[in-house]
Number of protein chains: 2
Amino acid sequence: MTTPSLDLEARAHSEHAQELRLWLRLLTCSQLIEKRVRACLREQFDTTLPRFDLMAQLERHPEGLKMKELSHRLMVTGGNVTGITDQLVTEGLVERMGVDGDRRAFRVRLTDRGRASFVDMAQQHEQWIVEAFEGLNARDLDSLHKLLGKVKQHQLELNRKLDE
Amino acid sequence: MTTPSLDLEARAHSEHAQELRLWLRLLTCSQLIEKRVRACLREQFDTTLPRFDLMAQLERHPEGLKMKELSHRLMVTGGNVTGITDQLVTEGLVERMGVDGDRRAFRVRLTDRGRASFVDMAQQHEQWIVEAFEGLNARDLDSLHKLLGKVKQHQLELNRKLDE
DNA sequence: TATTGTTATACTCTATAACTATA
DNA sequence: TATAGTTATAGAGTATAACAATA
């Protein structure tokens, strides 16, 4: 290259343009859907995505999850889980229960009210998501799920290597 | 359903489980990759993703973009673009140029230094992205790109309808 | 009146690091 | 010493609304 300029056209002809285009498109898709979900959660339920995500985790673990487990599943650090949990406890949607044999830890779980509230939101949420993927038939949905499975698996391997 | 509980297994058998699973996976993938890209931008270049994205837009429009255009392309509101642009101007990486015939507007464009800086970052960025998609062969990359194209198209249509 | 861009503000989300209590 | 969780803090990222200048 004779000039210091590396414009998109130049990159578009490079060896790895396919990966870059794919990443930009993946990011755009998830941002578009996420923006809509956040806005709907805000407007219809006056809540946020991290709060919804935390409750979704608890909903599939009726026995409760420890703060550490929540932190790992939500991919955020511990302090944030404490903050969101505190909010939800204040609103009576989740509760902290003691753990037998370890007085440092808690199990966090949905209260009855929290479960009812989540079921409400989850039903709406399902509709938003179905709407988001209306453009795809069942076979497309399956292909996309499988391909993203490969992507996800690879990210987890990369993270595992970094942790060593 | 006889109990108020709607656990994941129940939802997993519902009509729309496929869409929900796909959405969760899509979100996880983009979050995993995005986290890595943000961390690398921070560590290696002491910058952020929105700053990188703004510069990327300018890099592919050497003639410059108006604030309004940047706001639309970056999918954020105007105030934020002003803030990021101010930072980059202070650092001498971009500049505001007048627009002939409209004294309200500016063209924002990369300075020579900004362009050089971006080229540097873009080369590294390309490596991170290539690494992120190593698990996929060329055909997978293409399929994924096409399928996400359908998803993107549909989101844009949904947004268009909302704007009417 | 409508549009371009800026300013001011507030809130959510996040990571980091120091801390307490328990293992 | 190590681990579970909390607290305090700072900064990124964002939206909203009021504003100035120009169209």
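Letters A, B, ... are given to chains in the order of the sequence lines, protein chains preceding strands, and every chain is numbered from 1. Just so you know, these numbers use all the heavy atoms, side chains as well, and skip hydrogens, waters and symmetry mates.
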Gap between atoms [atom1] and [atom2], on [X] and [N] respectively (whole Å):
X: D46(B); N: dA12(D); atom1: CG; atom2: C1'; value: 13 Å
X: E34(B); N: dC13(C); atom1: CD; atom2: C1'; value: 13 Å
X: K66(B); N: dT22(D); atom1: NZ; atom2: C1'; value: 12 Å
X: K68(B); N: dA23(D); atom1: NZ; atom2: C1'; value: 13 Å
X: M75(B); N: dT14(D); atom1: CE; atom2: P; value: 10 Å
X: L49(A); N: dG13(D); atom1: CG; atom2: C1'; value: 15 Å
X: D102(B); N: dA2(C); atom1: CG; atom2: C1'; value: 12 Å
X: R38(B); N: dT14(C); atom1: CZ; atom2: C1'; value: 10 Å

Exercise for the section: Assess whether one donor atom and one acceptor atom, taken from the side chain of R103(B) and the base of dT22(D), lie less than 3.5 Å apart. Expected result: no
Exercise for the section: Using heavy atoms to find the nearest nucleotide of DNA chain C for L74(A) and R104(A) separately, return the residue whose nucleotide is more 5′. Expected result: L74(A)
Exercise for the section: Using the closest heavy atom to pick a nucleotide of DNA chain C for each, name whichever of G78(A) or T48(A) lands nearer the 5' end. Expected result: T48(A)
What is the nucleic acid contact for [X], judged by heavy atoms within less than 4.0 Å: base, sugar-phosphate only, or nothing?
X: T77(B); value: base
X: R96(B); value: sugar-phosphate
X: G79(B); value: base
X: R42(B); value: sugar-phosphate

Handout entry: Distance-only polar pair, side chains of S143(A) and D140(A), donor-acceptor under 3.5 Å
Key = no
Handout entry: Presence of salt bridge, E157(B) and K161(B), under 4.0 angstrom
Key = no
Practice task
Report the distance from atom CG of N80(A) to atom OG of S71(A), rounding to the nearest 0.5 Å.
Solution key: 8.0 Å
Exercise for the section: Starting at CE of M67(A), measure out to CD1 of I84(A) and round the result to the nearest 0.5 Å. Expected result: 9.5 Å
Practice task
Check the surroundings of atom CG in D112(B): do more than 12 heavy atoms from other residues, nucleotides or ligands lie under 6.0 Å from it?
Solution key: no
Problem - Nearest-nucleotide 5' precedence on DNA chain D, T82(A) against K35(A) - result: T82(A)
